[in-house]
There are 2 protein chains.
Amino acid sequence: MATIKDVAERAGVAPSTVSYVLSGSRKISEDTRRAVQTAIDELGYHPRASARTLRSSRTNVLALAVPRVPGEYRAIDGRFAIDVTDAARGHGYDVLLITEGDGAGALRRVARSGLADAAVLMAVEERDPRIEVLHGLGFPAALLGHDDHAALPWTDLDWEAAVALAVREAAAAGHRRIVFLSSAEHEIAARRGYAVRGLDGARRATAETGADVRVLSSHRDPVRLGRRLREALAVRPAPTALVVQDLILLPHLLDAVSSAGLRVPEDLSVVLVGSLPDELGIRHLPRIDLPVAEMSTAVARLAIDAISAGCDGRPASSQKPTTAAPASTVPSGAPHHLIQPRMAGPAIAPPPSG
Amino acid sequence: MATIKDVAERAGVAPSTVSYVLSGSRKISEDTRRAVQTAIDELGYHPRASARTLRSSRTNVLALAVPRVPGEYRAIDGRFAIDVTDAARGHGYDVLLITEGDGAGALRRVARSGLADAAVLMAVEERDPRIEVLHGLGFPAALLGHDDHAALPWTDLDWEAAVALAVREAAAAGHRRIVFLSSAEHEIAARRGYAVRGLDGARRATAETGADVRVLSSHRDPVRLGRRLREALAVRPAPTALVVQDLILLPHLLDAVSSAGLRVPEDLSVVLVGSLPDELGIRHLPRIDLPVAEMSTAVARLAIDAISAGCDGRPASSQKPTTAAPASTVPSGAPHHLIQPRMAGPAIAPPPSG
DNA sequence: CTGTTAGCGCTTTCAG
DNA sequence: CTGAAAGCGCTAACAG
């Protein structure tokens, strides 16, 4: 493998000159430039990342910490892994994937060995041990999802606005009896931010529209979810729309609906909140997609900004906090990017006339 | 940040001694050992990855190359990203995620800058440009999935055996008229390995069981798929089992089945081939899961073995090619790990008695 | 059993 | 406009 020295020799210049040609951080005569470039091409030279990092202590790598529950897998995690990687490349960064099966061990290791310049944390919980670790190390980071306690930069879908929008649109399509299937029971009990905010949104939309909105919490056990759902749909007069925030069991859920003898959307309109974009299997349903691409772009930018900001939570860079459209209450002082929901897919069908 | 020199000073030894304590590659007196360890703990010292890499030219990083089609996303890609990362950690490796939107550019860059020791390539196509690149660079690699042309180590589910097993089990449950929904048309046209092998498996099982197996190719367009499926199910006497290899549109497919007035499994048994393990929404269906964890473990091991093997495709390490259970024809000479299918989920229901 | 030292490949002062 | 040289933090000869 050719080194900068080899290139220098072949071009008849000093190694430093080659370096300056590469970085562009010094004026170089056109002749020299060309000579160096030729030598680089001929030798197939490519700078060694480790040497650069050792010298500059910058890696151009982001660590992406994915929470891991053994035996469970959330499709959204993999999706963000891919999309954040795409987004990071747009800023000249690579992504090192960290799966955290047991606390923050791997993240600490990566931070301390200098394998990355900053971290992106997925699916933040209150009192996340990983946040403590990062704070203790003064390691820059940004969060995908947020709880109001975190003093780190974050991005998120406005879940309250999303559920409110879905319910409002259902009401606008003529539905007066709506079931809202919120997050799984254990997530609500854990007071996960998106779960709580979804419930708030349902409440708000209920007040606004005057529709009869029944709130139902989901359950990770398909059998219990199925039972709850059947009960809720058996109420008379029958609900005509179902707004769903917990999508993990979606196929099973649609199955339960159809085995209750209900056709979608003729008998029951199903509206999804937080679905993955570009999923082919759900194109036929009206929905609010989780803005994965936009969140990924935002979180990559926030993490990178945090590097130059010197590890604290303050802005320091060009970007100011962005909250598109009607701002909801945002108590956090850290930079953030709260995304307003948008309906996708077909329009919500009207309720059955009978 | 503390360096090895700081530790040496504090412990009253030479830097090299600290290094030897860390690597264990030299006999160290217990006293010295303890003194060094104390200094390390007190200073919170952690070795710098870039310095190690510069010295040893080993990164302990695997590059995972994910193919990327803009506007499309395959859930399986994200899933493998996570699982390969888990597996690599088991061997002391981290994973750098590479998304390849446009050819092999990113992979080449990562390989040449020495950011990784080996690559894992997902979803290999015939004549994959990434393979050429790796070959040209002499960069070690292993493949997830295989086509018979690749001279690189690989792992895969035995798709032929998988589809054959699904059909055979359906027949054993009493089904005599079976529809096999194979991969999407364009994948078959591109002669993707798993697509072709799935068809072979269906053919084999048809011959073995004597059942009436109708083969149907899937389509990426939900509408066209729906039409084909309805036609196939409308044939009389009606088919009683549906074996599905193309799962991207599964929710939509189940929807089409139920809107055809068919209950699963009372009227129609649905059997999945290549489903993602631990997916909560499909627990109620008999299936053959894609062995993601086993494939990930295998591919990580194969990639790491290829590092010491010196970049060619030959074994050189402990592991010999493993083919569990009845070996099918495997023309490749490279190390590989072909995985035999196993049924999961509930038993296949018998056909309706009427 | 331990210390000394050269050097991995690059960037960046400092000196022309 | 360009060169010379120091040194980032670590490892592995070589020398005791």
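Chain letters run A, B, ... following the sequence lines, proteins first, then strands; residues in each count from 1.
Regarding Ile4(A), its CD1 atom lies at a distance of 14 Å from the P atom of dA4(D), rounded to whole Å. Rounded to a whole Å, the NZ atom of Lys27(A) is 19 Å from the C1' atom of dG3(D). Arg52(B) has its CZ atom 19 Å from the C1' atom of dG9(C), to the nearest Å. Atom pair Leu22(B):CG and dG9(D):P shows a separation of 15 Å (rounding to whole Å applied). Atom NZ of Lys5(A) is separated from atom C1' of dA5(D) by 12 Å (rounded to the nearest Å). Leu54(A) has its CG atom 4 Å from the C1' atom of dC8(D), to the nearest Å. Per the geometry, CE belonging to Met1(B) stands 11 Å off P belonging to dC10(D), to the nearest Å.
Across residues 28-49 of chain A, Ile28(A), Ser29(A), Thr32(A) each have a non-hydrogen atom less than 4.0 Å from an atom of DNA chain D (numbered order).
For the atom pair CE (Met122(A)) and CG (Asp77(A)), the distance works out to 4.0 Å, reported to the nearest 0.5 Å. Atom CD1 of Ile40(A) sits about 11.5 Å away from atom CG of Asp6(A), to the nearest 0.5 Å. Expressed to the nearest 0.5 Å, how far CG of Leu97(A) lies from CG of Leu62(A) amounts to 12.0 Å. Considering CD of Glu100(A) and CZ of Arg108(A), their distance stands at 10.5 Å, rounded to 0.5 Å. The structure places CG of Leu22(A) at 5.5 Å from OH of Tyr45(A), a figure rounded to the nearest 0.5 Å. If you take NE2 on His146(A) and CG on Leu144(A), they are separated by 12.5 Å, rounding to the nearest 0.5 Å.
Under a 3.5 Å cut-off, the side chain of Asp117(A) and the backbone N or O of Thr59(A) do form a donor-acceptor pair. With Ser296(A) contributing its side chain and Val292(A) its backbone, the two residues share a donor-acceptor pair below 3.5 Å.
A residue-by-residue look at Ser56(A) and Ala14(B) shows that Ala14(B) has its nearest nucleotide of DNA chain C further toward the 5' end.
Side chain to side chain, Ser29(A) and Thr32(A) meet the donor-acceptor criterion of an N or O pair below 3.5 Å.
Among the atoms of the strands shown, none is found under 4.0 Å from any heavy atom of Val18(B). Nucleic acid contact class of Gly12(B) (heavy atoms, under 4.0 Å, all strands): sugar-phosphate only. Within 4.0 Å of Thr17(A), counting heavy atoms only, lie sugar-phosphate atoms of the nucleic acid but no base atom.
Considering only the side chain of Ser16(B), dT4(C) comes nearest among dG9(C), dT4(C), dG3(D).
Between Ser19(A) and dC10(C) there is no side-chain N or O to OP1 or OP2 distance below 4.0 Å.
At a cut-off of 3.5 angstrom, the base of dG3(D) holds at least one donor-acceptor pair with the side chain of Arg26(A). Taking 3.5 Å as the limit, the base of dA13(D) and the side chain of Tyr20(B) contain a donor-acceptor pair of atoms between them.
Overall bending of the helix from dC1(C)-dG16(D) to dG16(C)-dC1(D), expressed as the angle between end axes built from five pairs apiece, is 40° (10° steps).
Partner of Arg52(B) under the side chain to side chain contact (heavy atoms under 4.5 Å, CB included) criterion, out of Ser57(B), Pro47(B), Ser23(B), Ser19(B): Pro47(B) alone.
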